[in-house]
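Working notes for the structure below.
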Amino acid sequence: MVLVGALCPAVAQAQPPAPARSSGTLATGLHISNGRLVEGNGNDFVMRGVNHAHTWYQGRTQQSLADIKAMGANTVRVVLADGHRWSANSAADVANVVAQCKANRLICVLEVHDTTGYGEDSAAGTLDQAADYWIGLKDVLAGQENYIIVNIGNEPWGNTSPEGWTAPTTAAIKKLRNAGFEHTIMVDAPNWGQDLQGVMRANAQSVYAADPTGNLIFSIHMYSVYDTAAEITDYLNAFVNAKLPILIGEFGGPADQWGDPDEDTMMATAQQLGLGYLAWSWSGNTDPVLDLTLNFDPTQLSSWGQRVFNGVNGIAQTAKEATIFGGGTPGDTQAPTTPGTPAASAVTATSATLTWTAATDNVGVAGYDVVRISGTTETDVAASTTSTATVTGLTANTAYTFAVYARDAAGNRSARSATVNVTTGSAPAVACSVGYRVVGEWPGGFQGEIALRNTGASAISGWKLVFAFADGQTVTNMWGGTATQSGGTVSVAPASYTSTVPAGGSVTVGFIGSKGATNTAPTAFTLNGGACATS
């Protein structure tokens with residue numbers, strides 16, 4: 001993903017590649033075995049992590065890597081530049097990044113971003129140039145095969161003649177191997193990483209065969225092209241069935257003008273198939289809709305960040321630390337002790353915070369899973385690396401039963417805690433009305449305006465307005481408020497000058513949005529959880 005990227009509307013189906021050959025000479029560390037990424041000791045390694053834009057935010061990297069690890073990730077994909085488009089990251093800088101990854105017990109995927117959209121973006125560099133950059137770093141990277149993966153170039157081909165991807169990708173792989181690189185190499189797909197025309201899928205076997213070591217992994221980037229479950233499962237299973245290594249090297253959840261990615265299926269299928277995923281991105285995007293954290297602050301997770309880290313099949317629930325760092329100790333079969341009975345607090349109409357006494361473990365507790373219990377059925381509803389979690393998406397005036405499991409890095413799970421019963425409150429009564437209008441439209445975009453009126457007898461302060469788009473519209477810029485978006489759902493928090501709506505008064509929020517061919521207006525609005533009239 002580039003900070004302002006190009007995405008595309010459909011996935012072309014290609015025939016699955018032929019079965020992959022067995023790997024030859026194994027790398028000294030992370031390598032491919034029987035179509036899967038494994039560590040030097042043969043232990044399966046499934047990447048669960050995020051992307052961090054180091055080359056643009058070098059002063060943020062040290063703290064960001066520590067925070068990413070604290071959120072439970074086992075891998076970080078780090079944006080670097082080779083000097084073609086952005087100032088090159090020096091050997092000393094890259095060595096420091098690798099050291100920081102190791103200090104934080106994170107596997108480090110290093111990628112050159114200058115190649116993004118080659119053939120369509122005239123500013124993009126070539127894979128051959130990226131390969132030369134890696135060769136210039138060989139002294140820094142040699143000996144780090146247990147800890148890093150070399151991702152030759154980010155999204156190295158746009159949508160113009162994507163069939164041109166195959167030959168330079170093969171050549172770059174051979175160039176690195178001829179230079180003596182023993183690391184596992186990662187290659188991104190064309191079509192801005194999304195392979196919508198199936199070029200990587202159709203040619204994966206021949207590209208894989210070009211690596212004499214067999215230590216090559218393919219990376220698919222899943223954004224709005226992948227907006228149905230069938231597209232996601234079909235693509236990933238084609239590689240798995242052929243024993244060709246693959247991971248989701250980038251993915252997004254929030255909708256954009258091209259569609260609404262199905263992140264739930266991406267994460268569920270990756271978990272089912274034992275494939276890695278790396279969410280885009282930690283923070284600092286030009287369009288903050290894809291920021292996992294606001295302003296690089298892990299205490300300010302966006303709704304996208306909450307989904308990736310703490311949701312079902314998320315990082316906190318599924319990540320296992322690489323055994324090179326001592327995580328997932330081979331032979332560890334002892335489960336953590338049972339967590340304490342959860343206690344509920346801050347219960348609202350739609351959420352509840354649960355807190356419990358921490359479990360203990362002979363090696364270490366990696367995290368906790370919160371489950372909702374209905375009869376004999378359990379449903380995962382939240383995950384956390386600490387002994388507290390907030391369960392969201394609940395229904396007002398409804399009784400729920402929750403419990404907690406602890407788990408360690410080896411995947412051992414504790415007995416289930418005692419349960420806690422929680423009854424959500426009523427949706428708060430509000431006296432409000434909302435007027436929504438489109439001020440102007442143009443191909444691919446529009447300007448909207450929302451007038452929020454207080455029809456009650458007392459002032460409203462610190463409000464939160466929520467509505468949903470039905471046609472994949474995305475808020476790209478807002479004034480009078482700050483928008484966060486997950487799928488079609490938009491939450492608006494006020495600016496300082498609109499934070500109070502006086503009795504009988506109103507405030508106005510304006511925004512620029514992206515759209516497709518249809519631009520249906522939202523039909524329902526809630527203020528602080530209660531329904532507003534529309535006008």
Side-chain angles (χ1 to χ4, degrees), residues 1-8 47 49-58 61 75-89 93-94 97 107-134 137 141 148-160 162 164-166 168-173 175-176 183-196 199-200 207 216-223 225-226 246-252 276-287 290:
M1 186 73 175
V2 70
L3 293 192
V4 178
L7 304 176
C8 308
M47 284 184 266
V50 304
N51 288 262
H52 168 62
H54 168 72
T55 202
W56 302 298
Y57 298 103
Q58 296 180 33
T61 295
T75 306
V76 62
R77 182 171 177 259
V78 179
V79 175
L80 300 176
D82 65 10
H84 178 84
R85 184 169 185 176
W86 295 284
S87 297
N89 294 96
D93 179 52
V94 175
V97 168
I107 295 300
C108 202
V109 178
L110 303 174
E111 60 102 340
V112 163
H113 217 75
D114 306 66
T115 57
T116 305
Y118 179 81
E120 185 173 349
D121 188 335
S122 60
T126 67
L127 282 171
D128 187 63
Q129 290 166 329
D132 286 340
Y133 174 73
W134 294 121
L137 294 175
L141 303 180
I148 66 171
I149 292 172
V150 176
N151 188 176
I152 304 177
N154 181 70
E155 300 179 358
W157 208 279
N159 294 327
T160 303
W165 167 90
T166 305
T169 299
T170 300
I173 294 166
K175 191 169 192 175
L176 290 180
H183 309 72
T184 291
I185 290 174
M186 183 182 294
V187 293
D188 286 6
N191 299 121
W192 301 89
Q194 296 195 87
D195 203 26
L196 68 92
V199 171
M200 184 172 81
V207 173
L216 183 75
I217 187 167
F218 296 93
S219 174
I220 183 68
H221 293 184
M222 289 187 164
Y223 292 98
V225 165
Y226 294 91
I246 191 168
L247 84 154
I248 306 174
E250 287 184 19
F251 70 107
Y277 65 64
L278 303 172
W280 185 276
S281 73
W282 182 242
S283 199
N285 287 282
T286 303
D287 183 350
L290 282 172

### Euclidean distance, T169 OG1 relative to I185 CD1, rounded to 0.5 Å
11.5 Å
### Query
Does a side-chain heavy-atom distance below 4.5 Å link T55 with R85?
no
### Any donor-acceptor N/O pair, Y226 side chain to Q194 backbone, under 3.5 Å
yes
### Query
Quick check: does any side chain N or O of H183 sit under 3.5 Å from a backbone N or O of L141, one acting as donor and the other as acceptor?
yes
### Closest non-hydrogen atom pair, V199 against D195
N-OD1, 2.8 Å
### Task
Assign the ring pair Y223 / H221 to parallel, tilted or perpendicular, where the plane angle (0 to 90°) is split at 30° and 60°.
perpendicular
### Query
Looking only at atom types and distance, does a side-chain atom of W134 sit under 3.5 Å from a main-chain N or O of I152, one as donor and one as acceptor?
yes
### Message
Nearest 0.5 Å, please: how far is OH in Y133 from CG in D128?
### Response
15.5 Å
### Query
Where the side chain of Y57 meets the backbone of G284, is there a donor-acceptor pair that is under 3.5 Å apart?
yes
### Task
Please state whether the rings of W280 and H113 are parallel, tilted or perpendicular, taking 30° and 60° as the class boundaries.
parallel
### Query
Judged by atom type as modelled, is there a donor-acceptor pair below 3.5 Å linking the side chain of T170 to the main-chain atoms of V207?
no
### Query
When you measure from the side chain of E120 to the backbone N and O of N159, does any donor-acceptor pair fall under 3.5 Å?
yes
### Message
Test your reading of the model: is there a side-chain donor-acceptor pair from D188 to the backbone of G193, 3.5 Å cut-off?
### Response
no
